[in-house]
Amino acid sequence: AANARDPRFDSYEEETTYGYATHRVKHQRYPQPIPATTPVLRMNRRVEPKNQSQEFYLDALRTQRVVFGSGSAGSGKTLLAVGVALEKLLTNEVSKIVFTRPIVEAGENLGFLPGTLEEKVLPYMMPMLDAIEHFVGPTAAKELIASERIVFKPLAYLRGNTLGGTGRGQGVVAIFDETQNSTPKQMQLFLTRLGYNCFMFLTGDPVQSDLKEDRHFQGETGLEWAVRKFRGGTCNHVEVVEFSNNDVVRHMCALYRRNP
């Protein structure tokens, strides 16, 4: 029984008439191998809150269309946003996750970066890639990126795009990270990309803005502008969650916040 042939691959013969002659033609039931089933992608880790602020934030991510996570570094803003986005992707609530962030360097100029556009942008997107691998592992992360179910786009290349779809499974989750390095104009550019069945998660720490290191920059950052505008439930389906130093769960960040 162990060496029994699969009858689906057996050949068979039939008579076929061509003109006035009859021939016996041999056919293969399955000329090509049966394709292997596509492995089911699953979350390796559950998306769970570690404090009350994270619990409120998770509820907003799962129920609202646009969610701002503003506050201290190490409070889980980006990690939880990526986790909920992957939940929506792997349950086919949406078909794609789009990651973006301002291309602003932290206090140093790296100069010209060689390679394609994707290769130039990738170093800035590494924190989000690490968050993806945290939940699904490196193999599944590479598969999702290769199939373009997860894409990384520079903020400037979103102009003219409409993010979203017309039905279930055709939507998009757009994650805008490091929003403290955006200007109000860039924030408006991103928010006006909102289409049908699109979810937007925006994260940032207002204290760590590299824009304010530039002596030519004056006024509010995009994050400060948006939080001021939408704080307090002034717009339906938009939620602003602000984290304090007490919400920090990353060890070294908590130590720094308590002893600046």
Nearest-0.5 Å distance, [atom1] of residue [X] to [atom2] of residue [Y]:
{"X": "T139", "Y": "N44", "atom1": "OG1", "atom2": "CG", "value": "9.5 Å"}
{"X": "H237", "Y": "L194", "atom1": "NE2", "atom2": "CG", "value": "10.5 Å"}
{"X": "L80", "Y": "S75", "atom1": "CG", "atom2": "OG", "value": "8.5 Å"}
{"X": "N161", "Y": "Y157", "atom1": "CG", "atom2": "OH", "value": "12.0 Å"}
{"X": "E178", "Y": "T78", "atom1": "CD", "atom2": "OG1", "value": "6.5 Å"}
{"X": "I175", "Y": "F190", "atom1": "CD1", "atom2": "CZ", "value": "9.0 Å"}

Please check if the side chain of [X] supplies one atom and the backbone of [Y] the other of a donor-acceptor pair under 3.5 Å.
{"X": "K153", "Y": "V98", "value": "no"}
{"X": "S95", "Y": "G171", "value": "yes"}
{"X": "T183", "Y": "G222", "value": "no"}
{"X": "R45", "Y": "H134", "value": "yes"}

What residues, two or more places apart in sequence or in another chain, satisfy ring-ring contact (aromatic ring centres under 6.0 Å, His included) together with F199?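 None.
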Applying side chain to side chain contact (heavy atoms under 4.5 Å, CB included) to M187 and T179, what does each step give before you reach the verdict? CA-CA 8 Å; M187 178 63 73; T179 55; 3.9 Å; yes
Would you say the ring centers of F176 and F201 fall short of 6.0 Å from each other?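 Judged by ring-centre distance (under 6.0 Å), F176 and F201 do not meet the cut-off.
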Provide the closest heavy-atom pair for [X] versus [Y] in the form atom of the first, atom of the second, distance.
{"X": "S70", "Y": "V227", "value": "CB-CG2, 4.0 Å"}
{"X": "Q208", "Y": "A73", "value": "NE2-CB, 3.1 Å"}
{"X": "T203", "Y": "Y57", "value": "CG2-OH, 3.4 Å"}
{"X": "C198", "Y": "G164", "value": "CB-CA, 4.0 Å"}
{"X": "G69", "Y": "F243", "value": "CA-CE1, 4.4 Å"}
{"X": "N181", "Y": "Q186", "value": "O-OE1, 4.0 Å"}

For atom CD of E48, is the number of surrounding heavy atoms from other residues, nucleotides or ligands below 6.0 Å larger than 12?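 Count over threshold, so yes.
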Near K88 NZ, under 6.0 Å, is it more than 12 heavy atoms from other residues, nucleotides or ligands?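 Enclosed.
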Qualifying salt bridge (Lys or Arg N to Asp or Glu O under 4.0 Å) pairs with a residue from residues 60-70, counting only residues at least two apart or across chains: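 For residues 60-70, and leaving out neighbouring residues, the salt bridge (Lys or Arg N to Asp or Glu O under 4.0 Å) pairs sorted by first residue read R62-E87.
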Which residue pairs satisfy the salt bridge (Lys or Arg N to Asp or Glu O under 4.0 Å) criterion with at least one member in residues 180-194, sequence neighbours excluded?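 Listed once each, the pairs would be none.
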Verdict with supporting geometry, E143 and R149, salt bridge (charged side-chain N to carboxylate O under 4.0 Å, His left out): CA-CA 9 Å; E143 183 176 335; R149 298 181 71 189; over 6 Å; no
Take L58 and V84 through the test side chain to side chain contact (heavy atoms under 4.5 Å, CB included) and record every step on the way to the result. CA-CA 8 Å; L58 269 179; V84 173; 3.5 Å; yes
Indicate yes or no: at least one non-hydrogen side-chain atom of [X] is less than 4.5 angstrom from one of [Y].
{"X": "L86", "Y": "I150", "value": "yes"}
{"X": "M200", "Y": "V67", "value": "no"}
{"X": "M128", "Y": "D130", "value": "no"}

Please determine whether residues [X] and [Y] belong to a single hydrophobic cluster, defined as Ile, Leu, Val, Met, Phe, Trp and Tyr linked transitively by side-chain heavy-atom distances below 4.5 Å.
{"X": "L79", "Y": "F56", "result": "yes"}
{"X": "V136", "Y": "L61", "result": "yes"}
{"X": "F230", "Y": "L189", "result": "yes"}
{"X": "I97", "Y": "L155", "result": "no"}
{"X": "L89", "Y": "V82", "result": "yes"}

Lys/Arg-Asp/Glu bridge criterion (N-O < 4.0 Å) met for K96, E148: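 No, this pair does not count.
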Taking 4.0 angstrom as the limit, do E55 and K50 come out as a salt bridge?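 K50 and E55: not salt-bridged.
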Given the rule in the side chain to side chain contact (heavy atoms under 4.5 Å, CB included) test, do V151 and I145 qualify, once you have shown the distances and angles that lead to the verdict? CA-CA 6 Å; V151 296; I145 293 170; over 6 Å; no
Consider side chain to side chain donor-acceptor pair (under 3.5 Å). Of D205, D247, N245, which one does S72 pass it with?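 Output: one option passes, namely N245.
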Using the rule given for side chain to side chain contact (heavy atoms under 4.5 Å, CB included), can you reason through V94 versus V172, listing the C-alpha separation, both sets of side-chain angles and the distance that settles it, and then say yes or no? CA-CA 5 Å; V94 300; V172 172; 5.7 Å; no
Aromatic ring pairing F152/F99, orientation class (parallel under 30°, perpendicular over 60°, tilted between):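 Plane angle under 30°, so parallel.
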